[in-house]
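Since we're looking at a predicted model, the values are computed, not measured. Just so you know, these numbers use all the heavy atoms, side chains as well, and skip hydrogens, waters and symmetry mates. Just so it is clear: chains get the letters A, B, ... in the order the sequence lines come, proteins before strands, and each one is counted from 1.
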2 protein chains.
Amino acid sequence: MAKVTRDDVARLAGTSTAVVSYVINNGPRPVAPATRERVQAAIKELGYRPDRVAQAMASRRTELIGLIVPDARQPFFGEMAHAVEQAAAERGKMVLVGNSDYVAEREVHYLRAFLGMRVSGLILVSHALNDNAAAEIDAWDARVVLLHERPEAIDDVAVVTDDIGGAQLAVRHLLEHGHPYVACLGGVAETPLVGDPVSDHVEGWRRAMQEARIPTEGRLFEAPYNRYDAYQVALELLAGPHRPPAIFCSTDDQAIGVLRAARELRIEVPEELAVAGFDDVKEAALTDPPLTTVATDRTAMARAAVDLVLDDGLRVAGSRRERVKLFPSRLVVRRSCGCR
Amino acid sequence: MAKVTRDDVARLAGTSTAVVSYVINNGPRPVAPATRERVQAAIKELGYRPDRVAQAMASRRTELIGLIVPDARQPFFGEMAHAVEQAAAERGKMVLVGNSDYVAEREVHYLRAFLGMRVSGLILVSHALNDNAAAEIDAWDARVVLLHERPEAIDDVAVVTDDIGGAQLAVRHLLEHGHPYVACLGGVAETPLVGDPVSDHVEGWRRAMQEARIPTEGRLFEAPYNRYDAYQVALELLAGPHRPPAIFCSTDDQAIGVLRAARELRIEVPEELAVAGFDDVKEAALTDPPLTTVATDRTAMARAAVDLVLDDGLRVAGSRRERVKLFPSRLVVRRSCGCR
DNA sequence: GCATGGAGCGGAACCGGTTCCGTACCAGCA
DNA sequence: TGCTGGTACGGAACCGGTTCCGCTCCATGC
């Protein structure tokens with residue numbers, strides 16, 4: 001099909017290209033109803049579709065939001081990305097997703113690429129944020145919202161959950177079952193970041209243990225945030241001489257790996273080992289036993305992030321206004337912790 | 001930071017904007033080494049970054065590939081999307097991902113949106129493809145490659161696996177263990193499509209059963225392609241009066257749901273129930289017991305799809321050249337089928 | 001010595017829209 | 001009737017690049 005431009009439409013409707021533009025965008029200038037109808041008829045007849053690239057070029061705007069996540073294959077990030085996509089669609093925007101794979105330079109790569117495409121805003125759910133990225137963002141004068149994470153380097157606008165508090169809830173709950181202590185499976189921090197939610201989970205664990213006057217030394221273990229690596233680490237830990245009575249994992253995905261390792265070793269959960277996670281991914285309800293975890297409202301958070309980035313997303317490295325939107329987290333009790 | 005255009009660069013380097021362009025794109029016109037260096041110095045000094053939108057506008061090309069999947073949260077699609085992203089990155093392209101959520105109109109929506117953004121090609125891994133979508137693609141004269149699926153409406157360029165043959169392998173393998181028959185958990189087809197790989201899995205099951213002269217009537221069950229729905233269906237099926245001795249699932253995700261249901265019902269796998277899936281998602285190695293399945297080379301398929309779409313992706317609804325790239329599938333034997 | 005040709009570059013058209021500016025036209029009012 | 005003001009619209013500049021066209025300059029060949 002031959003390319004149809006707005007010129008063709010204007011010609012057929014007997015008007016100017018400007019008017020066609022106003023009809024398509026509903027203003028801002030008044031258009032006589034009769035003209036409007038002629039234009040619309042012409043558009044339909046020719047099967048005209050405006051060229052988004054040209055629109056973006058001329059208007060210096062796009063309908064795009066960039067989203068950067070570490071790895072969308074992990075359930076938490078996948079679900080978060082999906083929620084952002086939904087929220088964006090509700091506002092007529094499309095989402096570009098980039099997976100950083102936890103590599104800082106890939107993150108900067110996507111940052112650059114997205115900004116070059118003139119996305120109208122950026123949402124970062126990222127582990128690898130560093131000064132390099134901050135500089136990039138600053139140079140482009142971009143609207144950015146941090147979702148779920150809040151590294152130090154960049155901390156103006158963020159949508160986060162109460163990670164420390166949520167973790168405390170979970171650990172306290174485990175302690176109430178009378179376990180002498182609760183071990184913690186934290187993440188492996190390539191770049192230790194203040195504001196990393198997962199390390200905040202570790203912090204929550206630490207606080208809950210301290211409240212109960214239980215020492216934490218030697219009870220913190222580490223694994224990458226996914227089930228596969230957590231499985232390997234758990235196999236060693238649980239088969240070793242100091243198997244903990246209970247373990248709090250900083251992500252559900254890790255907890256799933258731990259459950260799998262326990263089964264492998266014929267350790268009964270929750271009778272011989274209590275397990276809790278964090279995130280309440282969909283799968284947590286279908287593990288065996290179902291996983292006790294801490295839920296966050298991903299849908300609401302995604303919506304908030306989209307709203308913020310579109311309405312008043314800030315330049316990240318500019319004024320330190322500290323606009324942080326905090327969402328509560330709540331404990332979801334299932335069988336893996338020994339209740340019922 | 002003030003916007004820097006190539007004009008500024010040209011001025012600083014004492015040359016024309018055209019030359020700047022040739023330097024950035026490495027040709028096609030020769031540029032004297034000295035000039036090239038002056039331009040590069042100017043670019044660096046000014047921190048100039050070309051505007052992708054303007055580039056796309058002027059060159060009528062983009063570095064974008066559109067990818068439409070049903071739901072990237074499902075492991076298979078998530079892994080496929082990741083593979084495509086990798087393959088595209090190797091060729092310097094970026095991927096726009098759209099989730100159709102199995103809804104045909106959302107698919108057309110993304111199709112339209114992506115084409116409006118002048119993606120240089122489209123890769124469809126989609127269930128909902130229909131004539132509507134085909135018309136849209138045709139209207140835009142787009143380059144399209146179908147990955148993993150091959151609906152009738154659109155069948156020129158496709159990258160697929162040997163779904164029927166792979167399923168036969170798995171079912172034959174199950175039969176060799178002496179089970180009187182193998183049940184099949186197929187998909188729920190909103191729109192029955194010839195070329196739907198998952199229904200091809202069912203077809204493979206049917207053929208393998210026929211080879212062995214075993215009737216298939218009443219032995220085909222249906223569930224949506226994810227573990228959650230499959231779990232529900234399996235609970236009923238396995239608790240009912242006609243529990244099959246073995247079951248072949250059309251996707252691994254479904255098989256995971258079946259395994260979970262079996263555990264819930266205290267049915268031992270593989271002793272009391274043999275299970276096999278299809279796809280060999282990463283998680284299949286970590287189920288309990290590990291899942292026997294049929295593997296396809298997603299990395300190679302994704303790469304092939306990217307190559308096809310960039311090099312000689314065809315207009316889908318044009319000539320019926322039937323360019324189909326078939327990849328073999330192979331059986332991966334793990335414990336869930338009773339071996340070892 | 002002069003035609004030939006290719007390398008290197010500047011100028012300008014162009015991609016397909018948006019948006020500013022100016023004007024024609026008509027109604028309302030003095 | 002003449003002036004004012006607002007409505008509807010046409011013309012054209014502009015967004016920031018790419019790419020075509022043609023010019024200059026210099027080396028080469030006869």
Side-chain angles (χ1 to χ4, degrees), chain A residues 1-40 42-43 46-64 113 115-120 140-141, chain B residues 1-40 42-43 46-64 113 115-120 140-141:
Chain A
M1 183 181 296
K3 180 142 299 167
V4 181
T5 73
R6 84 231 168 286
D7 285 325
D8 303 318
V9 175
R11 206 166 307 129
L12 180 60
T15 181
S16 72
T17 68
V19 171
V20 174
S21 202
Y22 296 129
V23 169
I24 289 175
N25 302 335
N26 279 322
R29 245 175 46 175
V31 176
T35 313
R36 176 181 303 274
E37 247 160 69
R38 283 207 320 282
V39 171
Q40 274 161 347
I43 287 175
L46 296 174
Y48 167 70
R49 298 214 172 288
D51 183 316
R52 317 288 253 151
V53 174
Q55 286 183 324
M57 168 95 238
S59 65
R60 279 184 293 309
R61 282 185 265 102
T62 59
E63 303 297 288
L64 296 174
L115 292 170
M117 304 191 69
R118 296 211 200 136
V119 293
S120 54
W140 283 89
D141 196 24
Chain B
M1 182 179 297
K3 180 143 297 168
V4 181
T5 74
R6 84 228 168 288
D7 286 324
D8 303 318
V9 175
R11 206 165 307 128
L12 180 59
T15 181
S16 71
T17 68
V19 171
V20 174
S21 204
Y22 296 130
V23 168
I24 289 174
N25 304 333
N26 277 324
R29 248 177 42 178
V31 176
T35 313
R36 177 181 303 274
E37 247 161 70
R38 283 206 320 283
V39 170
Q40 275 161 346
I43 287 176
L46 296 173
Y48 166 71
R49 300 216 171 285
D51 182 317
R52 316 289 252 154
V53 174
Q55 285 183 322
M57 168 93 236
S59 64
R60 281 186 289 315
R61 282 186 265 100
T62 58
E63 303 299 288
L64 296 174
L115 292 170
M117 303 193 70
R118 297 211 200 135
V119 292
S120 55
W140 282 89
D141 195 26

Check this one for me: any side-chain N or O of B:T35 less than 4.0 Å away from OP1 or OP2 of C:dC9? yes

Reckon B:R118 touches a base, only the sugar-phosphate, or nothing at all at heavy-atom distances under 4.0 Å? sugar-phosphate

Closer than 4.0 Å, any side-chain N/O of B:R38 to the OP1 or OP2 of C:dC9? no

Whole Å only: how far is the CZ atom of A:R49 from the C1' atom of C:dG17? 16 Å

What's A:G116 touching, base or sugar-phosphate or nothing? Going by heavy atoms closer than 4.0 Å. nothing

Pick base, sugar-phosphate or nothing for A:R61, based on heavy-atom distances below 4.0 Å to the nucleic acid. sugar-phosphate

Return the value, rounded to whole Å, for the distance between atom CE of A:M57 and atom P of C:dC14. 17 Å

For B:S59 and for B:V19, locate the closest nucleotide of DNA chain C by heavy-atom distance; then report the residue assigned to the nucleotide nearer the 5' terminus. B:V19

Side chain of A:T15, heavy atoms from C-beta onward: which of D:dG17, D:dG10, C:dT18 has the nearest atom to it? D:dG10

Establish, with yes or no, whether the OP1 or OP2 oxygen of C:dT18 is under 4.0 angstrom from a side-chain nitrogen or oxygen of A:Q55. yes

Is it true that atom CZ of B:R118 has more than 12 heavy atoms of other residues, nucleotides or ligands lying nearer than 6.0 Å? yes

Search all heavy atoms of B:M57 against all heavy atoms of A:V53 and return the closest pair with its distance. N-CG1, 3.6 Å

Of all heavy-atom pairs between A:Q55 and A:P50, which one has the smallest distance, and what is that distance? NE2-CB, 3.4 Å

With respect to the phosphate group of C:dT19, does any side-chain polar atom (N or O) of A:S21 fall under 4.0 Å of OP1 or OP2? no

Heavy-atom pair of closest approach, residues A:A10 and A:S16: CB-C, 3.7 Å

With distance as the sole criterion, do the side chain of B:R6 and the base of D:dG17 form a donor-acceptor contact below 3.5 Å? yes

Take atom CG of B:D7 and atom C1' of C:dG11, then tell me their distance rounded to the nearest Å. 13 Å

Pick base, sugar-phosphate or nothing for A:R60, based on heavy-atom distances below 4.0 Å to the nucleic acid. sugar-phosphate

Between P on C:dG17 and CG on A:N25, what's the gap in Å once rounded to a whole number? 11 Å

When the distance from CZ of B:R11 to C1' of D:dG16 is rounded to whole Å, what number comes out? 13 Å

I want to confirm an ordering. Mapping B:A32 and B:A58 to their closest nucleotides on DNA chain C, which one lands closer to the 5' end? B:A32

Report yes if at least one side-chain N or O of A:Y48 is closer than 4.0 Å to OP1 or OP2 of C:dG17; otherwise report no. yes

Could you measure the distance from the CD atom of A:Q40 to the OG1 atom of A:T35? Nearest 0.5 Å is fine. 11.0 Å

Atom CZ of B:R52 and atom C1' of D:dG16 are separated, to the nearest Å, by 14 Å

Just how far, in rounded Å, is P of C:dT19 from CD1 of A:I24? 12 Å

